[in-house]
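Below is one structure, written out as structure tokens, with a few remarks after it.
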Amino acid sequence: MPELPEVETVRRDLEPFLRGRVVRSVAITRDRAVRRQPHADFIAALRGRRLTDVRRHGKFLIVDLDGEDALVVHLRMSGQLRVARPADELAKHTHVVVDFDNKTQLRFVDPRTFGEMFVDPLDEHRRPNALRFLGPDAVNDKLSAVAFHALLLGGRTTATVKAALLDQNSLAGVGNLYADEALFAARVHPKRLAASITSAEAAAIRKELRRILAAAIKARGSSFNDGGYVDAYGNPGAFAQRHKVYGRNGQACPRCGSAIEKIVVAQRGTHFCPSCQSLPTVRESRRVAR
DNA sequence: CGATCTACCTGATGGC
DNA sequence: TGCCATCAGGTAGATC
């Protein structure tokens with residue numbers, strides 16, 4: 001499932017490929033792939049436009065058009081953006097094909113159809129209107145430790161720290177996998193109340209999160225056998241083998257040897273080490289018991 | 001208001 | 001072997 005490192009890898013693949021290209025035609029073969037606007041509007045907004053840049057905010061890709069709007073893409077669970085030539089075999093679940101002026105194509109492939117594309121106006125900060133709700137990007141250098149702590153607290157009362165990390169309105173880009181890995185590295189229990197996180201703990205979570213995201217980008221993301229995430233050329237990333245807890249329930253904790261457990265937190269499968277991630281206080285345990 | 005629940009999907013997996 | 005039930009997961013929108 002693409003999260004920040006995977007989307008960033010795709011962005012880096014696509015930038016040299018898309019920059020300067022002019023859209024010749026657009027074909028939508030699955031209605032749901034473009035659902036925020038009429039298909040005709042989407043196609044008309046793209047045809048004849050030149051692509052000037054490829055950016056990312058959280059898990060959203062933003063492809064700038066020459067003007068005041070952008071093509072926005074979210075891969076959700078199973079979406080892929082693939083570069084291709086017109087003669088290349090069409091993969092199953094290909095829902096959108098964009099043809100360019102140099103006989104190349106960008107293809108949107110998405111088995112679970114949760115992903116989507118849309119064209120959206122940019123505001124004065126060149127942010128798409130629909131992405132105004134997003135918090136700062138998780139790898140934004142300007143996000144200080146103090147600001148990060150404030151984001152985690154965020155007026156929350158009963159929400160867990162894991163829920164806070166997953167909240168894209170607070171912090172953009174962290175999904176289930178990297179939330180688990182960061183909390184393990186920072187030795188913070190996923191069920192801890194966000195409101196109880198100290199500044200020292202927040203600093204540790206921020207530091208580990210940034211370290212892990214950077215390492216995952218360097219490894220070109222996390223891929224699984226389910227064929228979910230691959231880069232723009234169809235190649236898997238190499239970071240999954242370095243996961244410490246995600247998908248490793250029952251295995252030995254690499255730090256203390258205890259068995260990794262899988263529980264449900266914030267309605268998500270959550271992996272953690274019960275002995276070396278600080279336990280919630282008794283009072284917190286009672287609050288988040290259900 | 002914050003927090004939680006549900007819908008949206010399909011491929012993979014497990015049980016019988 | 002085949003069939004069915006279950007699960008996974010990000011976000012929007014509804015509900016608590």
Checklist entry - Taking the side chain from A:Asn140 and the backbone from A:Asp137, do they hold a donor-acceptor pair closer than 3.5 Å? => result no
Item to check | A:Arg76 CZ - C:dA8 P separation (whole Å) | outcome: 19 Å
Item to check | Under 3.5 Å donor-acceptor pair, A:Arg112 side-chain atoms to C:dG10 base atoms | outcome: no
Checklist entry - Counting any heavy atom closer than 4.0 Å, what does A:Arg268 reach on the DNA or RNA strands: base, sugar-phosphate only, or nothing? => result base
Each nucleotide N or O in nucleotides 13-16 of chain C that has a protein N or O under 3.5 Å away: list the pair and distance.
none

Checklist entry - In whole Å, what is the span from the NZ atom of A:Lys262 to the P atom of C:dT6? => result 16 Å
Checklist entry - Does B:dT10 have OP1 or OP2 sitting under 4.0 Å from an N or O in the side chain of A:Lys92? => result no
Checklist entry - Can you check the A:Lys59 NZ to C:dT11 C1' distance for me, whole Å? => result 9 Å
Checklist outcome for this item: Atom CG of A:Leu166 and atom P of C:dT11 are separated, to the nearest Å, by 9 Å
Next on the checklist: Taking only side-chain N and O atoms of A:Arg30, does any of them lie within less than 4.0 angstrom of OP1 or OP2 on B:dT10?
Outcome noted: yes
Checklist outcome for this item: Among the nucleotides B:dG11, B:dA3, B:dC8, whichever has the atom closest to the side chain of A:Pro111 is B:dG11
Next on the checklist: Tell me whether the side-chain N/O atoms of A:Gln168 come closer than 4.0 Å to OP1 or OP2 in C:dT11.
Outcome noted: yes
Checklist entry - Are any of A:Tyr246's side-chain N or O atoms less than 4.0 Å away from OP1 or OP2 of C:dA8? => result no
Checklist entry - Looking across every strand, which nucleic acid part, if any, lies under 4.0 Å from A:Tyr178 by heavy atom: base, sugar-phosphate, or nothing? => result nothing
Checklist entry - In whole angstroms, how far is the C1' atom of C:dA12 from the CD atom of A:Gln37? => result 17 Å
Checklist entry - Below 4.0 angstrom from OP1 or OP2 of C:dA12, is there any side-chain N or O of A:Arg35? => result no
Checklist entry - Does A:Ile260 offer a backbone N or O that forms a donor-acceptor pair with the side chain of A:Asn249 under 3.5 Å? => result no
Checklist entry - So does A:His93 get a side-chain nitrogen or oxygen closer than 4.0 Å to the phosphate oxygens (OP1/OP2) of B:dC9? => result no
Checklist entry - Under the salt bridge (charged side-chain N to carboxylate O under 4.0 Å, His left out) test, which residues partner A:Arg19, sequence neighbours left out? => result A:Glu15, A:Asp53
Checklist entry - Between A:Gln267 and A:Gly154, who's closer to the 5' end of DNA chain B by nearest nucleotide? => result A:Gly154
Next on the checklist: Students often get this wrong, so: under 4.0 angstrom with heavy atoms, is A:Gly115 touching a base, only sugar-phosphate, or nothing?
Outcome noted: nothing
Checklist entry - Rounding to a whole Å, what distance do you find between A:Asn176:CG and C:dA8:P? => result 10 Å
Item to check | Length of the CD-P vector between A:Gln80 and C:dG10, whole Å | outcome: 16 Å
Checklist entry - Does C:dT11 have OP1 or OP2 sitting under 4.0 Å from an N or O in the side chain of A:His74? => result yes
Checklist entry - With a non-hydrogen cut-off below 4.0 angstrom, is A:Lys162 in contact with a base, only sugar-phosphate, or nothing? => result nothing
Checklist entry - Does A:Asp141 pair with A:Arg210 as a salt bridge, N-O distance under 4.0 Å? => result yes
Next on the checklist: Test of understanding: clusters of I, L, V, M, F, W, Y form through side-chain heavy atoms closer than 4.5 Å, transitively. Do A:Leu153 and A:Leu171 belong to the same one?
Outcome noted: no
Checklist entry - Between A:Glu116 and A:Arg36, is the closest basic N to carboxylate O distance under 4.0 Å? => result yes
Checklist entry - In a check of side chain to side chain contact (heavy atoms under 4.5 Å, CB included) between A:Arg220 and each of A:Asp231, A:Val10, A:Asn235, which one passes? => result A:Asp231
Item to check | Side-chain N,O (A:Ser78) to OP1/OP2 (B:dG11) below 4.0 Å | outcome: no
Checklist outcome for this item: Taking for A:Phe133 and for A:Met77 the nucleotide of DNA chain C with the nearest heavy atom, the one nearer the 5' end belongs to A:Met77
Checklist entry - So, A:Thr113 and A:Arg32: side-chain donor and acceptor under 3.5 Å apart, yes or no? => result yes
Next on the checklist: In this structure, how many angstroms lie between the C1' atom of B:dC9 and the CZ atom of A:Phe108, rounded?
Outcome noted: 13 Å
Next on the checklist: Here's one to test your reading of the geometry: is the NZ or CZ of A:Arg255 within 45 degrees of the ring axis of A:Phe184 and under 6.0 Å from its centre?
Outcome noted: yes
Checklist entry - When you measure from the side chain of A:Arg36, which nucleotide among C:dA12, B:dC9, C:dG10 comes out closest? => result C:dA12
